[in-house]
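Right, one structure below, let's go through it.
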Amino acid sequence: GIQVEQSPPDLILQEGANSTLRCNFSDSVNNLQWFHQNPWGQLINLFYIPSGTKQNGRLSATTVATERYSLLYISSSQTTDSGVYFCAVENYGGSQGNLIFGKGTKLSVKP
Amino acid sequence: EAQVTQNPRYLITVTGKKLTVTCSQNMNHEYMSWYRQDPGLGLRQIYYSMNVEVTDKGDVPEGYKVSRKEKRNFPLILESPSPNQTSLYFCASSPQGVGAGANVLTFGAGSRLTVL
């Protein structure tokens, strides 16, 4: 099945710094989403982005489907950005509804 | 408030004692799914349902059952729990299938299950 790899696994930033999180996938996708899990365990969708670029405040995401990767950019990071970031994909031509998650990037933003 | 509600939030049980984790959504979503989260493994899909009476296995369905008799509810059943099912479980829903348009997942708060 499709493989999803996220990098880096861990990231420590000083407040105000920028960061880029990467998600590589091994096959074509028709669905890609980014999620943030806060330190209390709550999972929130950030972007639905199977291709192209989107921005929401300090966060933006770009998916280059032909090269099988997606990037999540966090600018001017804040302590509330801490947590784990997951990307999840659905394989194009695979079972609709079967969503595969990466292992996540754990981000710690220090004040 | 639009939400996905899971119960119980925390449960400690013993091997072999059947249990059910309930999941209910009030958004009239067609798609619902269950995931388990284990340290270092991310989230892995257990079962999903595209609509009432339609369920499919995810990547780790062994030891679990589900049913979708009505649109709002999608319970996860552990017929004979074992210690390797100790995990954090999440239910999620979306309007019309994960692969259709901009249908994003809404997650429940999670259920932490410990099997002794």
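Convention: sequence-line order gives letters A, B, ...; per-chain numbering from 1.
By the rule that hydrophobic residues join a cluster once side-chain heavy atoms approach within less than 4.5 Å of another member, A/Phe101 and A/Leu46 end up as members of separate clusters. Hydrophobic clustering (ILVMFWY, side-chain heavy atoms < 4.5 Å, transitive): B/Ile46 and A/Phe35 are in distinct clusters.
Of all the heavy atoms in A/Asn98 and B/Gln45, the pair that sits closest is ND2-OE1, 2.6 Å. Between B/Asp59 and A/Leu99, the closest heavy-atom pair is OD2-O, 4.5 Å.
Heavy atoms of A/Gln37 lying under 4.5 Å from chain B belong exclusively to its side chain. At a 4.5 Å heavy-atom cutoff, the contact between B/Phe90 and chain A is made by side-chain atoms alone.
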Practice task
Walk me through it: do B/Thr106 and A/Leu43 pass the test side chain to side chain contact (heavy atoms under 4.5 Å, CB included)?
Solution key: CA-CA 8 Å; B/Thr106 300; A/Leu43 279 156; over 6 Å; no
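Under a 3.5 Å cut-off, the side chain of A/Gln42 and the backbone N or O of B/Phe107 do not form any donor-acceptor pair.
For A/Gln78, the CD atom counts as densely surrounded, since its 6.0 Å shell holds more than 12 non-hydrogen atoms of other residues, nucleotides or ligands. Atom NZ of B/Lys57 is surrounded by 12 or fewer heavy atoms from other residues, nucleotides or ligands within 6.0 Å. Counting non-hydrogen atoms of neighbouring residues, nucleotides and ligands closer than 6.0 angstrom, the CZ atom of A/Arg68 exceeds 12 such neighbours. No more than 12 heavy-atom neighbours from other residues, nucleotides or ligands sit within 6.0 angstrom of CD1 on B/Ile12.
A distance of 6.0 Å separates CG in B/Leu41 from NZ in A/Lys103, rounded to the nearest 0.5 Å.
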